[in-house]
**Student:** 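My questions all concern the structure below.
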Amino acid sequence: MTLLPQLLRKQLTLALEEADAEIPEGFQVAISLATDARFGDYQSNSAMILAKRLKQNPRELAQAVVDAGEWDGLCETPEIAGPGFINFKVTTEILQKHTLSVFIDGHLGVPQAATPHTVIIDFSAPNVAKPMHIGHIRSTFIGDCLNRVARYLGHKVITDNHIGDWGTQFGMIIYGWKKYLNKEALAEDAIRELVRVYRQVNAEAKADEAVMQECRDELVKLQQGDAENHAIWQETVDLSLDQLRSIYDWLDISFDHYLGESFYNDRLGPVVDELIEKGLGEESDGAICIFFRDIPALAEKPAIVRKRDGGFNYATSDLATIDYRISEWNADKIWYVVGAPQQLHFQQIFAATTLRGNDVNMTHITHGSILGSNRKIMKTRDGDNVQLLDVLKEAVERAKVLVVEKNPTLSDNEQKDISEAIGLGAVKYAELSQHRMTDYIFSWDKMLSFQGNTAPYLMNAYVRTRAIFRKLDGNVTFPDTITLEAAGERNLAIKLAQFGETVPDILNDFRPNLLANYLFELAQTFHGFYEECPVLKSEGNTRASRLLLCELTSKVLKQGLDLLGIRVTDRM
RNA sequence: GUGCCCAUAGCUCAGCUGGAUAGAGCAACGGAUUUCUAAUCCGUAGGUCGAAGGUUCGAGUCCUUCUGGGCAUGCCA
């Protein structure tokens with residue numbers, strides 16, 4: 001199916017040719033949404049841009065193009081406005097036809113990717129033996145949303161949770177496990193007990209060098225394959241993963257793989273050997289480094305792939321990971337949803353990958369930080385750090401109070417189900433409706449707000465559509481023609497047509513908030529329609545058309561929210 | 001020191017490739033409901049887009065400088 005702006009662009013391009021305008025090489029006419037409803041539905045500034053290049057009067061050029069064009073059946077005669085905008089208002093017939101085709105389309109008007117890619121998305125990546133805190137929601141929710149969108153657009157996506165399951169902290173954990181572990185506490189809440197043990201050992205090791213040394217020894221034994229230590233490590237990882245998975249399940253986020261750092265342990269040495277062999281790895285101050293002398297920004301920023309003590313670090317691990325993803329999964333794109341502080345690291349990794357002769361397309365999808373009340377990044381050690389699970393539970397509890405109040409007759413199970421959809425949805429929406437680059441200060445009230453531009457607002461629009469169909473007796477048959485007369489109907493139809501324009505845009509710059517914004521506008525438009533246009537009390541064609549609009553709104557809201565990872569319920 | 005990001009209404013934020021009179025939500029005030037679910041709708045009020053220059057027919061958006069924040073800058077990830 002063809003989107004409305006595509007139809008207009010085609011027609012405008014033809015008009016330019018008809019008007020004998022000189023079109024410079026590479027010039028493409030652009031159609032965008034009207035910035036204001038009184039300008040029509042869509043607008044183009046192409047005449048102004050072209051006039052500038054051709055040194056002509058923009059309004060005259062616009063007029064000539066409009067006069068030369070053939071607009072019948074597509075839109076009303078375009079109007080020239082301001083310095084030379086061409087404003088379009090599509091005809092009711094076209095809009096009606098288009099609405100029906102979106103309604104019938106299995107993808108609600110969202111075009112499929114012209115060239116599907118195999119995309120690896122690397123996101124969330126928590127450390128084991130530590131609880132996920134509020135800072136993890138950005139990578140986790142954005143990554144999950146991009147996964148859903150990319151799949152919806154027809155790409156082959158492989159999600160991989162590159163968990164931090166191998167590192168120096170295991171020396172202390174193993175030492176503490178052997179000495180201080182409370183098995184009962186471990187059974188009750190494994191991560192909490194591991195954190196308790198870790199903190200205790202950490203404090204002890206700081207004060208006592210002998211303890212520190214014992215921790216190092218435990219780590220060395222682990223790395224050398226000591227059976228007991230390996231078993232402790234394995235159990236730690238398993239327990240942590242159980243707990244992480246239960247949170248992901250609750251959030252309806254799934255990964256195809258959980259290949260953490262430990263998985264690549266045996267592959268690190270060979271990577272470094274190969275780098276040395278190819279002349280890319282050089283010794284420097286006892287370490288093996290990759291230098292990027294041809295890249296000005298990185299000229300003085302080598303990547304260390306083997307430390308002076310012979311150990312490897314995360315640059316090595318990431319290179320091994322890339323190798324695996326290319327050779328085993330045939331990745332042609334890799335998206336890293338990781339915070340902005342790691343920019344330099346990824347620049348180095350990407351440059352190294354190019355030097356090694358791989359042409360996989362890699363993107364570091366950065367995001368800002370969640371700050372504490374002191375405007376500093378929330379760190380695990382900070383006292384005011386907020387655990388993710390606590391936020392989720394609080395959100396669901398606050399939602400429950402409202403759900404019970406508004407739906408006293410529903411069963412406990414239904415109330416629980418709705419409360420979870422609302423609470424978890426609100427937290428996800430709070431994150432995803434924000435531009436990913438901006439830093440923001442964590443606020444319970446903002447994160448858990450249910451009023452205004454929030455998930456419950458969108459969910460409520462959906463619930464209103466479902467309520468209408470619940471009241472209908474018998475089966476609904478949707479018409480194969482519709483009429484759009486009232487302003488509310490037309491506005492809604494135009495807004496619905498934009499779903500297919502919005503979804504692909506998300507991946508241009510990896511911006512889930514574009515979808516969130518669109519869905520908010522759709523819900524607003526629907527609420528307006530709902531006030532203005534009674535459905536069940538209307539009759540004939542009007543009623544049938546409105547029912548269809550409601551059903552289409554319902555589908556788009558449900559699908560759109562699903563792309564954000566937010567679930568809808570029929571009541572709330 | 002160098003590099004990256006950010007600064008928009010009282011508060012929290014949109015504003016994609018420069019486009020028309022800069023928009024939402026929250027908070028404030030005034031209205032609408034014996035409802036197709038008011039978690040809603042309509043209205044009022046609120047701005048020299050951090051500062052100063054520059055490019056352009058046109059700048060919140062691009063360039064330069066400055067101020068104020070955040071982050072990164074070789075052996076933690």
Side-chain angles (χ1 to χ4, degrees), chain A residues 30 32 34-36 38-39 43 45 48-49 51-52 57-58 81-85 87 125 127 164 166-169 261 284-289 297-298 300-309 311-315 317-318 339-345 347 366 368-369 371 375-377 399 402-403 405-407 422 430 433-435 437-441 443 445-446 449-461 463-472 505-506 508-509 511 513-514 516-517 520-521 523-524 527-528 530-538 546-547 550 571-572:
Chain A
S32 56
T35 51
D36 190 300
R38 70 180 179 279
F39 298 139
Q43 64 183 36
N45 61 4
M48 290 186 286
I49 293 168
K52 187 173 186 170
N57 179 306
F85 289 99
N87 291 333
N127 288 320
W166 195 253
T168 45
Q169 79 270 25
E261 290 159 2
S284 169
D285 285 342
I288 302 294
C289 299
L298 297 179
E300 291 175 14
K301 307 283 176 200
I304 294 173
V305 291
R306 195 169 76 198
K307 300 187 288 181
R308 200 180 321 168
D309 66 6
F312 306 106
N313 60 15
Y314 70 145
S317 169
D318 275 0
Q342 294 198 38
Q343 263 181 15
L344 177 59
H345 168 70
Q347 284 173 19
T366 59
S369 305
L371 310 176
R375 295 206 56 86
K376 298 276 185 192
I377 291 188
L402 280 170
V403 170
E405 181 190 313
K406 288 169 189 284
N407 303 278
I422 291 173
S433 59
Q434 189 123 355
H435 190 294
M437 284 308 293
T438 49
D439 294 351
Y440 63 89
I441 296 173
S443 147
D445 285 339
K446 181 180 180 184
S449 166
F450 299 150
Q451 307 285 332
N453 188 355
T454 62
Y457 179 89
L458 308 192
M459 295 163 81
N460 185 46
V463 164
R464 281 182 145 182
T465 65
R466 296 336 299 162
I468 289 171
F469 289 102
R470 221 169 21 245
K471 289 243 172 169
L472 271 179
D505 276 352
I506 298 166
N508 288 346
D509 195 31
R511 298 265 308 271
N513 72 316
L514 294 179
N517 292 349
F520 177 64
E521 286 171 13
Q524 269 184 322
H527 283 310
Y530 185 89
E531 301 280 333
E532 183 195 331
C533 304
V535 178
L536 297 178
K537 284 176 193 157
S538 58
R546 289 179 180 177
L547 278 171
C550 286
R571 300 169 198 265
M572 66 186 279

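We name chains A, B, ... by the order of the sequence lines, and we start the count at 1 in each one. Because the structure is a prediction, the values reported are computed rather than measured.
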**Student:** Under 4.0 Å between any heavy atoms, over every strand shown, what does A:F39 touch: base, sugar-phosphate, or nothing? Just pick one.
**Tutor:**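 Result for A:F39 = base.
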**Student:** Determine yes or no for a side-chain-to-main-chain donor-acceptor pair under 3.5 angstrom, with A:R466 supplying the side chain and A:R571 the backbone.
**Tutor:**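 The answer is no, because no donor-acceptor pair under 3.5 Å joins these two groups.
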**Student:** Counting the atoms with a prime plus P, OP1 and OP2 as sugar-phosphate, which does A:A297 contact under 4.0 Å by heavy atoms, base, sugar-phosphate, or nothing?
**Tutor:**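 Counting heavy atoms under 4.0 Å across all strands, no contact is made by A:A297.
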**Student:** Under 4.0 angstrom, heavy atoms only, what part of the nucleic acid is A:Y457 near: base, sugar-phosphate, or nothing?
**Tutor:**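 Since only primed, P, OP1 and OP2 atoms lie under 4.0 Å of A:Y457, the category is sugar-phosphate.
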**Student:** Can you tell me how far P of B:A77 sits from OH of A:Y314, to the nearest Å?
**Tutor:**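 Atom OH in A:Y314 sits about 8 Å away from atom P in B:A77.
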**Student:** Would you indicate what A:Q169 reaches in the nucleic acid, counting non-hydrogen atoms under 4.0 angstrom: base, sugar-phosphate, or nothing?
**Tutor:**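 If one applies the 4.0 Å heavy-atom cut-off, A:Q169 turns out to touch nothing in the nucleic acid.
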**Student:** Distance check needed: B:G25 C1' versus A:N517 CG, whole Å only.
**Tutor:**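 Going from A:N517 (CG) to B:G25 (C1'), I get 11 Å.
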**Student:** Could you report the tightest heavy-atom contact between A:M459 and A:M572, atom names first, then the distance?
**Tutor:**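 Reported closest heavy-atom pair: C-SD, 3.7 Å.
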**Student:** Only one of A:E261, A:R306, A:K307 passes side-chain contact (heavy atoms from CB on, under 4.5 Å) with A:F312; say which it is.
**Tutor:**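 For A:F312, the side-chain contact (heavy atoms from CB on, under 4.5 Å) test succeeds with only one of A:E261, A:R306, A:K307, which is A:R306.
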**Student:** Heavy atoms from C-beta onward define the side chain here; which of B:G25, B:C41, B:G74 lies closest to that of A:C289?
**Tutor:**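 Among B:G25, B:C41, B:G74, the one nearest the side chain of A:C289 is B:G74.
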**Student:** Remember a base hit wins even if backbone is also touched, and classify A:R546 as base, sugar-phosphate or nothing at under 4.0 Å, heavy atoms.
**Tutor:**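 Result for A:R546 = nothing.
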**Student:** Looking only at side-chain N and O atoms, does A:K537 come under 4.0 Å of OP1 or OP2 in B:C36?
**Tutor:**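 Yes, A:K537 has a side-chain N/O under 4.0 Å of OP1/OP2 on B:C36.
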**Student:** A:L458 CG to B:U40 C1': how many Å, rounded?
**Tutor:**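 Between C1' of B:U40 and CG of A:L458: 13 Å.
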**Student:** Check every strand shown and say whether A:A340 touches a base, only sugar-phosphate, or nothing at a heavy-atom separation below 4.0 Å.
**Tutor:**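 Nothing: the residue A:A340, judged by heavy atoms under 4.0 Å, touches no strand.
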**Student:** So does A:Q451 get a side-chain nitrogen or oxygen closer than 4.0 Å to the phosphate oxygens (OP1/OP2) of B:A27?
**Tutor:**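 Negative; the distance criterion is not met.
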**Student:** Checking all strands, does A:N57 fall into the base, sugar-phosphate, or nothing category for heavy-atom contacts under 4.0 angstrom?
**Tutor:**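 No contact at all - A:N57 keeps every heavy atom at 4.0 Å or more from the nucleic acid.
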**Student:** Could you tell me whether the side chain of A:Q342 has a donor or acceptor atom within less than 3.5 Å of a complementary atom in the base of B:A72?
**Tutor:**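 No pair found.
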**Student:** Grab the two heavy atoms, one from A:T454 and one from A:Q451, that are nearest each other, plus how far apart they are.
**Tutor:**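 Here A:T454 and A:Q451 meet closest at CG2-O, 3.0 Å.
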**Student:** Mind checking which stems touch RNA chain B? I mean at least 3 consecutive Watson-Crick or G-U pairs, both distances under 3.5 Å.
**Tutor:**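 Stem list for RNA chain B: B:1-5 with B:69-73, B:10-13 with B:23-26, B:28-32 with B:40-44, B:50-54 with B:62-66.
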**Student:** Would you check if A:Y530 stacks with the base of B:C41, given a 5.5 Å centroid limit and a 30° plane limit, both strict?
**Tutor:**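 Per 5.5 Å and 30° rule: no stacking.
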**Student:** In Å and rounded to the nearest 0.5 Å, what is the CE to CG distance from A:M48 to A:N57?
**Tutor:**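 Atom-to-atom, A:M48:CE and A:N57:CG are 12.0 Å apart.
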**Student:** Assign A:D285 to base, sugar-phosphate, or nothing according to its heavy-atom contacts below 4.0 angstrom with the strands shown.
**Tutor:**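 Base: the residue A:D285, judged by heavy atoms under 4.0 Å, touches a nucleobase.
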**Student:** List for me each residue that meets side-chain hydrogen bond (donor to acceptor under 3.5 Å, both in side chains) alongside A:D36, sequence neighbours excluded, and say none if there are none.
**Tutor:**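 Counting only residues at least two positions away or on another chain, A:D36 forms a side-chain hydrogen bond (donor to acceptor under 3.5 Å, both in side chains) with A:R38.
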**Student:** Should A:N460 and A:H527 count as side-chain neighbours, where that means a heavy-atom distance under 4.5 Å?
**Tutor:**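 In contact.
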**Student:** NA contact type, A:R466, heavy-atom cut-off 4.0 Å: base, sugar-phosphate, or nothing?
**Tutor:**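 Nothing, no nucleic acid heavy atom in range.
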**Student:** Parallel, tilted or perpendicular: which one describes the rings of A:Y314 and A:H345, with boundaries at 30° and 60°?
**Tutor:**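 The arrangement is parallel - the two ring planes meet at less than 30°.
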**Student:** Look at all strands and tell whether A:V305 reaches a base, only sugar-phosphate, or nothing, counting heavy atoms closer than 4.0 Å.
**Tutor:**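 The answer is nothing, as A:V305 stays clear of every strand by at least 4.0 Å.
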**Student:** With nearest nucleotide decided by heavy atoms, which residue, A:K471 or A:G311, maps closer to the 5′ end of RNA chain B?
**Tutor:**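 That would be A:K471.
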**Student:** Among the candidates B:A20, B:A14, B:A77, find the nucleotide nearest to the side-chain atoms of A:N313.
**Tutor:**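 So the nucleotide nearest the side chain must be B:A77.
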**Student:** For the side chain of A:N87 and the backbone of A:Q43, is there at least one donor-acceptor N/O pair under 3.5 Å apart?
**Tutor:**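 Here the side-chain-to-backbone pair does not exist.
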**Student:** Under 4.5 Å between any side-chain heavy atoms of A:T465 and A:Y530, yes or no?
**Tutor:**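 SC-SC contact between A:T465 and A:Y530 ruled out.
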**Student:** From CD of A:Q343 over to P of B:G70, roughly how many Å is that when rounded to an integer?
**Tutor:**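 Distance check: A:Q343 CD to B:G70 P gives 17 Å.
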**Student:** With the stacking rule set at 5.5 Å and 30°, tell me whether A:F520 counts as stacking on B:A24.
**Tutor:**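 No, A:F520 does not stack on the base of B:A24, since the centre distance and plane angle fail the 5.5 Å and 30° test.
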**Student:** Using atom names, set out every protein N or O paired with an N or O of nucleotides 30-32 of chain B below 3.5 Å, distance rounded to 0.1 Å.
**Tutor:**
none

**Student:** Give me the atom names and distance for the closest heavy-atom approach of A:S538 to A:R546.
**Tutor:**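 It is CB-NH1, 3.9 Å.
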**Student:** Which nucleotide in the list B:A72, B:A20, B:U37 gets nearest to the side chain of A:L344?
**Tutor:**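 Side chain of A:L344 sits closest to B:A72.
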**Student:** Between B:A14 and B:C76, how many Å separate the two C1' atoms, rounded to a whole number?
**Tutor:**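 Result for the C1' pair: 37 Å, nearest Å.
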**Student:** For A:I422 and A:A399, work out which heavy atoms get closest and say how close.
**Tutor:**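 Looks like CG2-CB, 3.8 Å.
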**Student:** Using the 3.5 Å cut-off, write out each protein N or O paired with an N or O of nucleotides 6-11 of chain B and the distance between them.
**Tutor:**
none

**Student:** Who passes salt bridge (charged side-chain N to carboxylate O under 4.0 Å, His left out) against A:D445, sequence neighbours left out?
**Tutor:**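 Salt bridge (charged side-chain N to carboxylate O under 4.0 Å, His left out) list for A:D445, sorted by chain: A:R398.
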**Student:** Calculate the interatomic distance between A:K446 atom NZ and B:A14 atom P; express it in whole Å.
**Tutor:**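 After rounding, the gap between these two atoms is 7 Å.
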**Student:** Could you give the CG-to-C1' distance, from A:L514 to B:A24, as a whole number of Å?
**Tutor:**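 From A:L514 CG to B:A24 C1': 15 Å.
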**Student:** Looking at B:A22, does its base get a donor-acceptor pair with the side chain of A:D36 below 3.5 Å?
**Tutor:**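 No.
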**Student:** Looking at every strand, decide which applies to A:S284 at a 4.0 Å heavy-atom threshold: base, sugar-phosphate, or nothing.
**Tutor:**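 Base, at least one base heavy atom under 4.0 Å.
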**Student:** What are the atom names and distances for every N/O pair under 3.5 Å that joins the protein to nucleotides 55-58 of chain B?
**Tutor:**
unit_1: B:U56; atom_1: O2'; unit_2: A:K52; atom_2: NZ; d: 3.1
unit_1: B:G58; atom_1: O6; unit_2: A:K52; atom_2: NZ; d: 2.9

**Student:** In whole angstrom, what separates A:F312's CZ from B:A77's P?
**Tutor:**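 Atom-to-atom, A:F312 to B:A77, this comes out as 12 Å.
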**Student:** Return yes if the base of B:G25 and the side-chain atoms of A:T454 contain a donor-acceptor N/O pair under 3.5 Å, otherwise no.
**Tutor:**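 No.
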**Student:** Any heavy-atom pair between the side chains of A:L514 and A:N508 that's under 4.5 Å?
**Tutor:**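 No, their side chains stay 4.5 Å or more apart.
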**Student:** Return the value, rounded to whole Å, for the distance between atom CD of A:E521 and atom P of B:A24.
**Tutor:**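 My rounded result for the distance is 10 Å.
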